Amino acid sequence: MTHPIPYLPGEVPLTLFGGAVCAGFPSPAADYAQSKIDLHAHLLLNENASYLFRVRGESMTGIGIYDGDTLIVDRSITPAHNQIVLAVIDDEFTVKRLYRRGQDVRLIAENTAFAPITLKDGQEMTIWGVVTFNLHRLLNV
Amino acid sequence: MRPSVRSIALIDCNNFYVSCERVFRLDLNNQPVIVLSNNDGCVVSRSNEVKALGIKMGVPLFKIRDQVQQHNVQVFSSNYVLYADMSNRVMAILREYAPLQEVYSIDESFLDMTGIHDIGQRAQAMRERVLRETGIPVCVGIGSSKTLAKLANFVAKRHPKSQGVFNFNMLTTRQAESVFSNVPVEEVWGIGRQLTKALDAIGIQTVQQLRTADIASLRKRFGVAMEKTVRELRGEACIELEEATPAKQQIINSRSFGQSVTEIEDLQDALAHFVSNAAHKLRAQQSCAALLQVFIMTDRFRDDQSQYCPSVAVPLPVPTASSTTLQGYAVSALAAMFRPGYRYKKAGVILSEICPETLHQGDMFAGAPEDPALMLALDQINARFGKGTLKLSQDGSRRSWQMRQERKSPEYTTNWHELPFCR
């Protein structure tokens, strides 16, 4: 299995119960069935502004973002200090922690083998979006 | 009491297809970029850099090869899957800004913003939000009719000073007239090349001349559509917003092939694909069709090849929306008209005589009723796992007729296997 199984909206087979589950008798739990957990609503904070990105490389392994993981990136969130962001440097997408204190802006990797990125003269940095979730597959990895 | 002035906005995405390509390719910013039509034929979207080079809309790629090479123009095939997804995002965001929306095309939407306070600021906020959340730049034109909204959008696009928003309702009569005097009639919604010529012949060149012309004589000469246009230009809303697109009375699915085909199997394969698409649309609007037309065509631009363009209409004994039933008829129709020895360039199907699926009458001679559950399952599976996951065995398996899309970008937003990468 080289690819993760797609997560599909609207078809999530998890049911949240509002009461304790009893066995044996005509299910009293049935009366307590709530609506199903909607992972789609949970993971896409702002659906129209959410995009998926595939991770390549090891620069963020320190916080559990691995090669092949899938990130949910939200463009509606205003980037702030200490958030994990999807930035663009030299026209390439990169995922890093945003360090911003006054004029001091850096992109910090979560892996000691990678130096923080500070902007050189003439280099431009755009924050494309803020990373909200990492979809990391644990089965059959 | 004077009724309050309508404020109708038209939001138009700037160079939409090119803008979609740039969202995931930041290296394309400030580069000349074009997107080509089906089969990589003609230019259908241009970046501003390309417009500045004088490359016109609709020009075939082969005519501009030298310019493309010389200026290193980035060329893309149409990626409609991407454009449709980005369009849906833009439209959904716009919907939040007004009680009434008409999605007019893949990259245009009308909003009725009548009665909303601070329209200018709202429009500006709407622009900024669409840009931030989708990366797509848009312009907003506002006026008291749809035609004026369209014209305002044209002005917003042309004048950087407008910062992407132009509102006729904010102008004095004098200011508005000065704008109207500076815009040629051909920029008016619904005035095409022929009408522009005809108007020119009676001395009408600018919008101002058109809107002050005598309505009665214009109606006599050009009909009631022209009267509406003039009234709308005067600020009277004659064309209302259509919220839901009315059910289509005719569904056409056809395409030119990437390369000509000669075998009946290739045509069967292509037609099966077109029937599937058309039937799917039919089911999506809960309708059935009573007439199926099938046509095949040779390449009419090739004088050196013999031409054959037959078409067969099949009245259906029972109106249907079933892909399997329709495919059966399409295959028979093809068998009836196919002649070997020609090079076929295009084929298609037309479904018409459309009625709501609940309305049609049973036929006592018809065989067993179709199983709607089968088609429902087909549509649901394709909606869940992606278009074309489950199809009838005939549909599109040979592929020799498929579109030429040599420079298509990935389906960044809809295909799990084509997501953009980050490091």
Side-chain angles (χ1 to χ4, degrees), chain A residues 2-11 44-60 65 67-79 84-96 107 109 111 114 117 124-131 134-135 137, chain B residues 20-31 33 74 82 84-97 101 103 109 125-126 128-138 377 379-387 389 410-423:
Chain A
T2 55
H3 295 289
I5 298 286
Y7 158 68
L8 293 151
E11 301 282 340
L44 303 182
L45 306 180
N46 182 343
E47 186 176 354
N48 293 314
S50 295
Y51 303 82
L52 300 182
F53 280 76
R54 184 69 37 88
V55 176
R56 261 187 191 165
E58 315 288 334
S59 73
M60 296 298 278
I65 299 177
D67 187 68
D69 281 358
T70 303
L71 303 176
I72 302 180
V73 178
D74 192 323
R75 286 178 63 103
S76 68
I77 298 169
T78 309
I84 306 302
V85 296
L86 186 82
V88 182
I89 289 194
D90 297 333
D91 299 328
E92 302 269 350
F93 289 116
T94 182
V95 54
K96 295 288 175 290
L107 292 174
N111 180 340
F114 292 76
I117 302 170
E124 254 187 71
M125 178 179 77
T126 311
I127 306 292
W128 198 90
V130 173
V131 180
N134 176 24
L135 308 180
R137 186 185 170 89
Chain B
C20 289
E21 299 292 349
R22 281 178 167 169
V23 173
F24 298 95
R25 286 279 309 273
L26 283 95
D27 57 305
L28 297 175
N29 286 330
N30 308 314
Q31 297 288 317
V33 182
Q74 305 294 308
L82 173 66
D85 181 65
M86 296 307 289
S87 171
N88 290 339
R89 291 166 186 262
V90 172
M91 297 305 165
I93 293 167
L94 295 179
R95 195 164 303 142
E96 294 177 26
Y97 284 83
Q101 178 185 38
V103 175
S109 170
M126 178 162 81
E128 280 158 20
R129 183 159 158 224
V130 170
L131 182 63
R132 190 174 75 222
E133 297 192 1
T134 68
I136 305 290
V138 301
D379 289 342
Q380 279 174 347
I381 286 171
N382 285 335
R384 178 163 172 184
F385 295 107
K387 200 175 165 188
T389 302
E411 293 168 3
Y412 299 108
T413 58
T414 51
N415 190 328
W416 192 257
H417 302 296
E418 297 186 11
L419 299 180
F421 283 101
C422 61
R423 299 209 160 264

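The structure presented is a predicted model; accordingly, all values stated were derived computationally and were not measured.
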Show every donor-acceptor pair shorter than 3.5 Å between a side-chain atom in residues 86-94 of chain A and any protein atom, with sequence neighbours excluded, or say none if there are none.
residue	atom	partner	partner atom	Å
A/D90	OD2	A/Q123	NE2	3.1
A/T94	OG1	A/K96	NZ	2.9
A/T94	OG1	B/R423	O	3.2

Fill in the blank from the handout: Minimal heavy-atom distance between A/L52 and B/P420, with the atoms involved, is O-CD, 3.4 Å
Fill in the blank from the handout: From the list A/S59, A/S50, A/G129, the residue making the most non-hydrogen contacts under 4.5 Å with chain B is A/S50
Exercise for the section: Against chain B, label A/D67 side chain, backbone, both or neither, depending on which of its atoms sit under 4.5 Å from a heavy atom there. Expected result: neither
Completion exercise
Looking only at heavy atoms, the pair that brings A/S76 and B/R132 closest together is O-NH2, 3.6 Å
Problem - Taking every non-hydrogen atom, the tightest pair across B/V23 and A/W128 - result: O-NE1, 3.1 Å
Exercise for the section: Using non-hydrogen atoms and a 4.5 Å limit, figure out which bit of A/E47 sits close to chain B: side chain, backbone, both or neither. Expected result: backbone
Fill in the blank from the handout: If one checks every heavy atom of A/I65 against chain B at 4.5 Å, the contacting part turns out to be neither
Problem - Residues in side chain to side chain donor-acceptor pair (under 3.5 Å) contact with B/T134, at least two apart in sequence or another chain - result: none
Handout entry: Heavy-atom pair of closest approach, residues B/L131 and A/R75
Key = O-NH2, 3.3 Å
Handout entry: Residues of residues 90-97 of chain B near chain A, each having a heavy atom less than 4.5 Å away
Key = B/A92, B/I93
Handout entry: Residues forming a salt bridge (Lys or Arg N to Asp or Glu O under 4.0 Å) with A/D69, sequence neighbours excluded
Key = none
